[in-house]
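Just so you know, these numbers use all the heavy atoms, side chains as well, and skip hydrogens, waters and symmetry mates. By convention here, the first residue in the shown sequence is residue 1.
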Amino acid sequence: MISVDTAIKIVEDTIAPLSVKTIPFENSLGFCLAQDMQSDIDMPPFDRSAMDGYAVIAEDTTTAPVELAVIEDIAAGHMPTKTISRGQASKIMTGAAVPEGANAVVKFEETEDLSTNNRVKILRSIDRGRNISNRGEDMQVGQTVLRKGMSIRPQEIGILATIGKSHIGVFSAPTVGIISTGDELVDVGLNPSVAQIRNSNGYSLSAQARRLKAEVEILGIVKDTKEEISNMMRRGFRKDILILSGGVSMGEYDLVGDVMKDLNTHVYFEKVALRPGKPVIFGRKDTTFIFALPGNPVASFVTFELFIYPAIRKM
């Protein structure tokens with residue numbers, strides 16, 4: 001019997017990442033990046049107004065309230081055409097480029113519009129740099145903004161869009177097959193008899209794996225016979241990971257371990273110092289990694305989180 005930490009290390013040392021594939025960035029949620037990502041732009045790409053208001057020279061507001069001449073309206077998406085000089089201001093929208101000469105933006109709430117004579121009254125003084133987002137303060141050209149191996153979340157999708165990565169390399173998600181063993185099991189749509197229970201483990205394990213973007217197939221329920229277990233496992237050897245639930249304890253009908261040996265599976269470990277969850281088998285047949293978990297629903301759930309979760313993440 002080995003410790004949980006030792007078992008996890010064996011899994012992580014044995015599993016290797018899968019091949020890299022290129023997909024549209026908008027479909028990459030939940031996948032892991034296969035390479036670092038660098039920005040091709042400064043963001044913001046210019047000194048940008050963080051407020052709707054007036055671009056001013058801060059020193060002009062020291063004696064506020066003060067009136068300034070409005071020389072231009074600057075909308076987002078349009079570059080300013082005039083340079084601000086002392087005693088002047090430009091009306092500016094959020095996201096627009098700050099004009100040359102200006103070093104602060106006074107928000108509308110702190111002004112009084114005197115548009116009848118193209119002037120604005122600044123009601124309070126403002127410090128240099130206030131309400132301006134400086135060029136490149138979020139990211140700069142050539143800067144690595146996302147790292148290889150990162151799991152892609154909605155915020156990473158936004159960054160990928162910002163830096164123009166329409167197609168990206170990600171690690172392929174593993175294929176997973178799930179087998180539930182036991183004469184007592186029936187599928188969800190059936191009414192169990194007094195001696196039966198519905199197959200909950202197959203579906204909870206499937207949900208746990210799908211949460212990690214794995215491509216899951218529930219292969220079904222098998223009876224407690226070596227022949228049925230062996231036949232179903234052979235089907236499962238087409239997958240990257242094969243998960244079995246039940247049949248791994250010491251009882252007369254716990255046959256999974258024997259079948260794995262009959263199929264010449266290389267077994268890395270078969271007992272872990274964990275309760276519930278002691279009888280966990282981790283093995284490999286050709287290119288398929290096999291996890292045989294206890295049938296107890298809590299033990300099945302927990303052993304997935306401890307051992308299969310890091311395996312899928314590593315892949």
Determine whether Val66 and Phe108 fall in the same hydrophobic cluster, where Ile, Leu, Val, Met, Phe, Trp and Tyr are linked whenever their side-chain heavy atoms lie under 4.5 Å apart. yes
Can you spot which of Leu18, Val20, Leu33 makes a side-chain contact (heavy atoms from CB on, under 4.5 Å) with Phe171? Val20
For side chain to side chain contact (heavy atoms under 4.5 Å, CB included), just list the numbers for Leu146 and Leu160, CA-CA rounded to whole Å, side-chain angles, deciding distance to a tenth of an Å, and then say yes or no. CA-CA 9 Å; Leu146 298 174; Leu160 289 167; 3.7 Å; yes
Taking Asp47's backbone N and O only, do any of them form a donor-acceptor pair with Asn134's side chain (distance below 3.5 Å, no angle check)? no
Show the numbers, then the answer: is there a side chain to side chain contact (heavy atoms under 4.5 Å, CB included) between Leu219 and Arg235? CA-CA 8 Å; Leu219 297 172; Arg235 283 183 56 196; 3.8 Å; yes
Crowding at NZ, Lys21 (>12 non-hydrogen neighbours, <6.0 Å): yes
Tyr203 and Ile243: same hydrophobic cluster, using ILVMFWY side-chain contacts below 4.5 Å? no
Do Glu110 and Arg124 sit within salt-bridge range, that is, some charged N less than 4.0 Å from a carboxylate O? yes
Listing, residues 302-315 side-chain donor-acceptor contacts under 3.5 Å, not counting sequence neighbours, or none:
from   : atom 1 : to     : atom 2 : distance (Å)
Thr303 : OG1    : Ala299 : O      : 2.6
Thr303 : OG1    : Ser300 : O      : 3.2
Glu305 : OE1    : Arg211 : NH2    : 3.2
Glu305 : OE2    : Gln208 : NE2    : 2.8
Glu305 : OE2    : Arg211 : NH2    : 3.0
Lys314 : NZ     : Glu12  : O      : 2.5
Lys314 : NZ     : Ile15  : O      : 3.0

Side chain proximity check, Asn131 to Val106, heavy atoms < 4.5 angstrom: no
Can you list every pair that meets salt bridge (Lys or Arg N to Asp or Glu O under 4.0 Å) and has a residue in residues 58-80, with sequence neighbours left out? Glu59-Arg128, Asp60-Arg86, Glu67-Arg119
For the pair Arg198 and Asp187, find out whether any cationic side-chain nitrogen is under 4.0 Å from an anionic carboxylate oxygen. no
Please check this pair: side chain of Glu156 against backbone of Arg153, looking for a donor-acceptor N/O pair closer than 3.5 Å. yes
Does Ile122 belong to the same Ile/Leu/Val/Met/Phe/Trp/Tyr cluster as Val105, with side-chain heavy atoms less than 4.5 Å apart forming each link? no
Quick check for you: to the nearest 0.5 Å, what is the distance between Asn27 atom CG and His167 atom NE2? 8.5 Å
Would you sort out whether Ile163 and Met139 count as a side chain to side chain contact (heavy atoms under 4.5 Å, CB included), showing the intermediate values? CA-CA 10 Å; Ile163 62 177; Met139 63 181 75; 3.6 Å; yes
Is there a side-chain contact between Leu29 and Pro154, using heavy atoms and a 4.5 Å cut-off? yes
Heavy-atom pair of closest approach, residues Lys223 and Ile229: O-CG1, 3.8 Å
Thr225 side chain to Glu228 backbone, donor-acceptor under 3.5 Å: yes
Can you find a heavy atom in the side chain of Thr162 that is under 4.5 Å from one in the side chain of Met43? yes
Within this structure, what is the OG-NZ distance for the pair Ser28 and Lys213, rounded to the nearest 0.5 Å? 8.5 Å
Is there a side-chain contact between Ile92 and Pro99 (heavy atoms, below 4.5 Å)? yes
Could you tell me whether Glu217 atom CD has more than 12 heavy atoms of other residues or ligands within 6.0 Å of it? yes
When every non-hydrogen atom of Pro174 is compared with those of Asp240, the smallest separation belongs to CA-OD2, 3.4 Å
Distance-only check: which donor-acceptor pairs under 3.5 Å involve side-chain atoms of residues 276-291, not counting sequence neighbours?
from   : atom 1 : to     : atom 2 : distance (Å)
Arg284 : NE     : Asp286 : O      : 2.9
Lys285 : NZ     : Leu263 : O      : 2.9
Thr288 : OG1    : Phe237 : O      : 2.8
Thr288 : OG1    : Lys239 : O      : 2.7

Is there side-chain contact between Val56 and Ile84, with at least one heavy-atom pair below 4.5 Å? no
Has the side chain of Ser125 got a donor or acceptor atom that lies under 3.5 Å from a matching backbone atom of Thr62? no
Tell me yes or no: between the side chains of Glu215 and Thr175, is some donor less than 3.5 Å from an acceptor? no
Find out whether Thr144 and Met37 are in side-chain contact, i.e. whether some heavy atom of one side chain is under 4.5 Å from a heavy atom of the other. no
Looking only at non-hydrogen atoms, find the nearest pair between Gly236 and Leu242 and report the distance. CA-CD1, 3.8 Å
Using every non-hydrogen atom in the two residues, find where Ala55 and Ala102 come nearest and quote the distance to one decimal. CB-CB, 3.8 Å
Under the criterion side chain to side chain contact (heavy atoms under 4.5 Å, CB included), I'd like the reasoning laid out for Lys121 against Thr111: C-alpha separation, chi angles, the key distance, then a yes or no. CA-CA 6 Å; Lys121 180 183 282 188; Thr111 68; over 6 Å; no
Going by atom types only, do Ser180 and Asn199 share a side-chain donor-acceptor pair under 3.5 Å? yes
With a 4.5 Å limit on heavy-atom distance, are the side chains of Tyr54 and Leu68 in contact? no
Looking at OG of Ser172 and CZ of Phe31, how far apart are the two atoms once the value is rounded to the nearest 0.5 Å? 7.5 Å
Keeping Lys82 on the side-chain end and Ile71 on the backbone end, is there a donor-acceptor pair under 3.5 Å? yes
Using modelled atom types and a 3.5 Å cut-off, is there a donor and acceptor pairing between side-chain atoms of Thr265 and backbone atoms of Val267? no
I'd like to know if Asp42 pairs up with Arg135 as an ion pair, taking the criterion as any Lys NZ or Arg NE/NH1/NH2 lying under 4.0 Å from an Asp or Glu carboxylate oxygen. yes
Are the side chains of Val120 and Asp113 in contact, using a 4.5 Å heavy-atom criterion? no
Is the count of non-hydrogen atoms from other residues, nucleotides or ligands lying under 6.0 Å from Gln35 atom CD greater than 12? yes
Could you give the distance from CE (Met232) to CG (Leu244), rounded to the nearest 0.5 Å? 9.5 Å
Exactly one candidate in Asp13, Thr6, Ile8 meets side-chain contact (heavy atoms from CB on, under 4.5 Å) with Ile10; the answer is Thr6
Grouping I, L, V, M, F, W and Y whenever their side-chain heavy atoms are under 4.5 Å apart, do Val170 and Met150 come out in a common cluster? yes
As a quick check of understanding, evaluate salt bridge (Lys or Arg N to Asp or Glu O under 4.0 Å) for Asp52 and Lys107, giving each step before the final call. CA-CA 6 Å; Asp52 294 334; Lys107 56 186 178 181; over 6 Å; no
At what distance, to the nearest 0.5 angstrom, does CD of Glu26 lie from CD1 of Ile168? 9.5 Å
Indicate if Leu212 and Leu293 have the same hydrophobic cluster label, given that clusters are the connected sets of ILVMFWY residues with side-chain heavy-atom separations under 4.5 angstrom. yes
Contact summary for Ser3 and Ala273, nearest pair of heavy atoms: CA-CB, 4.4 Å
Which heavy-atom pair separates Ser245 from Leu205 by the least distance, and what is that distance? CB-CD1, 4.0 Å
Using a strict threshold of under 4.0 Å (side-chain N to carboxylate O), is an ion pair present between Asp127 and Arg130? yes
